[in-house]
Number of protein chains: 2
Amino acid sequence: MESQNVSFRVAREDLVTAVAWVARNLPTKPTQPVLRAMLITADDEGLELAGYDYEVSTRVRLSAEVSQPGRIAVAGKLLSEITGTLPNKPVDFRIDGSKVLVTCGSSRFELPSIPLDDYPSLPKLPESTGSINAKLFTEAVSQVAAAAGKDDSLPMLTGVNMEITGNSINLAATDRFRLALRTFEWDSKDPELNAKLLIPAKTLLENARSLDTGINDPIDIAVGTGEQVGREGLFGIHTDNRETTTRLLDADFPNIAPLLPKEHTAMASVEISPLVDAIRRVSLVADRNAQVILQFSEGQVILSAGGSDAGHAEETLPCAFVGKDLTIAFNPGYLKDGLSVVPTPRAVFGFTEPSRPAIMIPEPEEFPEADERGVFQTPETYFTYLLMPVRLPG
Amino acid sequence: MESQNVSFRVAREDLVTAVAWVARNLPTKPTQPVLRAMLITADDEGLELAGYDYEVSTRVRLSAEVSQPGRIAVAGKLLSEITGTLPNKPVDFRIDGSKVLVTCGSSRFELPSIPLDDYPSLPKLPESTGSINAKLFTEAVSQVAAAAGKDDSLPMLTGVNMEITGNSINLAATDRFRLALRTFEWDSKDPELNAKLLIPAKTLLENARSLDTGINDPIDIAVGTGEQVGREGLFGIHTDNRETTTRLLDADFPNIAPLLPKEHTAMASVEISPLVDAIRRVSLVADRNAQVILQFSEGQVILSAGGSDAGHAEETLPCAFVGKDLTIAFNPGYLKDGLSVVPTPRAVFGFTEPSRPAIMIPEPEEFPEADERGVFQTPETYFTYLLMPVRLPG
């Protein structure tokens with residue numbers, strides 16, 4: 001497929017966007033030098049740009065005037081820097097021996113052509129398994145990925161666990177300090193499908209955020225079929241002109257069901273925006289073992305932090321509260337992370353004891369009422385953020 | 001002056017701006033812990049906020065409702081973080097034993113009061129020596145400070161040299177690779193004044209950029225009088241409600257006059273904006289000994305860079321050029337620094353040899369003409385950026 005004469009012309013804006021998207025996924029310090037390459041294939045239908053690092057593959061198509069079809073490969077991140085600075089004129093590519101010539105207006109670049117003898121085969125996108133609204137998918141992934149671990153020595157915690165049962169998908173992630181769980185519906189091609197995938201959270205989040213599609217357009221998701229599903233498999237996303245595949249994590253996601261409390265001794269409903277502001281303020285004086293203490297009682301929550309060298313801070317907010325008065329302490333960062341992905345104006349908290357995990361959920365239609373034992377059932381919800389408290393001082 | 005009962009109320013916006021300005025000048029890692037303090041003095045006329053690190057002192061006045069005059073001191077950078085997050089309501093300060101209580105809306109902070117026993121006396125602002133338009137001063141300082149050295153082991157190169165002769169001021173700075181020189185007029189109170197000050201460039205630039213005044217208002221400059229002028233002296237800037245003093249550098253600025261070429265064998269005039277864009281583009285493929293080569297000939301300049309692993313780039317720009325054809329190479333960063341402070345749409349270059357410094361000046365009223373020897377005199381100018389070339393490859 002590599003040919004002596006390749007030549008095409010492409011619109012600058014289309015090129016910049018496509019090159020930047022592929023380059024972003026290219027490794028900065030590749031294990032094999034050839035992996036810094038961006039592959040540009042020119043054919044009768046235009047261009048395909050592609051990159052791969054054995055974990056993630058990206059492919060994007062764009063239109064171009066192709067005079068001589070063929071394939072070229074150049075350093076992808078450099079090409080992205082170059083195209084980003086080009087004037088807004090058509091960009092011409094041409095092979096000249098071992099060089100790739102790029103010209104645009106009065107600018108002319110000669111880039112070394114990267115030989116592709118050692119370049120790995122890009123994985124094939126599995127057949128589409130179903131489709132989902134892009135905005136919903138991005139929201140769900142963002143809500144869950146926030147709780148994933150960043151420590152590569154615990155690989156099973158760096159993933160988002162995706163469980164597909166027919167038309168229903170559960171996403172979950174945890175770093176042991178918090179856990180996020182989201183349920184949503186999608187259009188599965190196979191209503192009997194059962195699949196379980198552990199997808200690297202960082203990649204999944206980047207892919208979801210960079211979907212090149214109107215926010216209400218559907219995207220295709222491919223989880224492979226048959227033996228492809230699971231550990232040996234790939235997770236693929238396909239929009240109109242972009243494709244990515246991600247290699248799944250070879251690890252077992254922990255069983256999280258037993259961790260979720262089903263009953264609560266107290267529940268609170270707090271407006272998120274002033275709560276986040278107050279957390280930000282009081283945690284300015286928090287110690288190194290940063291913690292924010294929340295004292296819930298009827299009608300109010302008192303936030304406080306500090307008490308040592310840097311001083312002490314306190315703030316009172318109105319809050320709907322039912323159940324036994326409670327004082328509980330959280331890591332302010334984890335608390336803000338959770339509040340930032342609850343999609344309703346108010347967050348509802350469910351507590352048991354100050355030493356046991358609390359849950360945070362979107363505002364349900366009806367605020368729960370206690371049963372005869374004074375116990376609240378967890379309301380049905382599509383999103384749960386479970387947060388471990390930290391030990392109260394003293 | 002320290003009193004048991006201090007109490008005042010201040011508008012949040014005024015407080016935020018004033019605290020941020022003083023805090024910015026406070027040391028992050030002070031040599032003496034007490035220097036992290038911000039001093040807040042409440043008197044009949046409102047508040048004075050002050051900070052000092054033995055090099056730079058800052059003072060700002062703002063209005064406040066003072067119930068109990070006196071002085072408090074708290075960690076300045078922390079106070080700045082706190083005030084930045086406060087809701088837009090009046091802020092109350094009160095001393096309570098060894099604590100400073102800050103309350104605003106439902107937020108309440110207890111900050112440790114910093115004892116001022118070891119706090120140094122702030123230097124007194126010297127009497128005003130003259131005044132200058134704020135916009136002009138900021139422009140001049142920005143133009144010159146760009147060329148100052150950043151290496152503290154060569155202290156004389158980290159300063160901006162200010163020479164005052166009556167109503168005229170010369171500013172100069174150099175890091176040995178480039179040199180910037182700016183002349184402007186001001187209103188000196190003493191038309192016979194002769195003073196020479198070496199002012200730390202970083203501080204001068206920060207002060208000039210943070211002038212809290214309409215850009216066409218005059219600011220007062222104080223260089224001290226009598227024995228205060230010079231090495232033992234201070235440089236002060238005074239606007240309506242802000243004062244800063246900066247300790248002068250105890251070093252001799254090198255004699256730069258012999259470095260400035262007075263005659264040129266070639267001169268060029270290039271539009272700055274496309275030139276900067278072209279430098280940015282071609283230098284993407286520059287080697288580690290980054291250099292951009294400029295080939296001047298009649299009507300055009302060809303920029304080029306690279307030639308090694310990353311590739312080669314070339315761009316042609318139109319340019320007015322008179323004199324002998326010339327190929328010269330520069331560090332692209334230093335070249336862009338200079339172009340960014342030439343205030344006219346076109347920059348005029350004066351060259352002698354590819355190995356000798358070139359000058360860059362604002363566009364003069366008339367483009368110079370060669371004398372009978374084919375030599376050009378440097379046009380009269382208020383700003384000169386002198387740039388050392390780098391050695392041409394090969």
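Both backbone and side-chain heavy atoms feed into the values below; hydrogens, waters and symmetry mates do not. Naming convention: chains lettered A, B, ... in sequence-line order (proteins, then strands); numbering from 1 in each chain.
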- prompt: So which heavy atom on A:V285 is nearest to which on B:F109, and how close?
  reply: CG1-CD2, 4.2 Å
message: Only heavy atoms, only distances under 4.5 angstrom. Which residues in residues 80-87 of chain B are near chain A?
response: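 Heavy-atom contacts from residues 80-87 of chain B to chain A are B:E81, B:I82, B:T85, B:L86, B:P87.
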field: chain A contact via B:L78 - which portion, at a heavy-atom distance below 4.5 Å
entry: side chain
query: So which bits of residues 314-321 of chain A come within less than 4.5 Å of chain B, counting non-hydrogen atoms only?
result: A:E314, A:E315, A:T316
message: For the CD atom on A:E298, are there more than 12 heavy atoms of other groups (residues, nucleotides or ligands in this structure) within a distance under 6.0 Å?
response: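 Atom CD in A:E298 is not packed in, count stays at 12 or less.
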Euclidean distance, B:H312 NE2 relative to A:K99 NZ, rounded to 0.5 Å: 9.0 Å
field: Separation of A:K77 NZ from B:L284 CG (nearest 0.5 Å)
entry: 14.5 Å
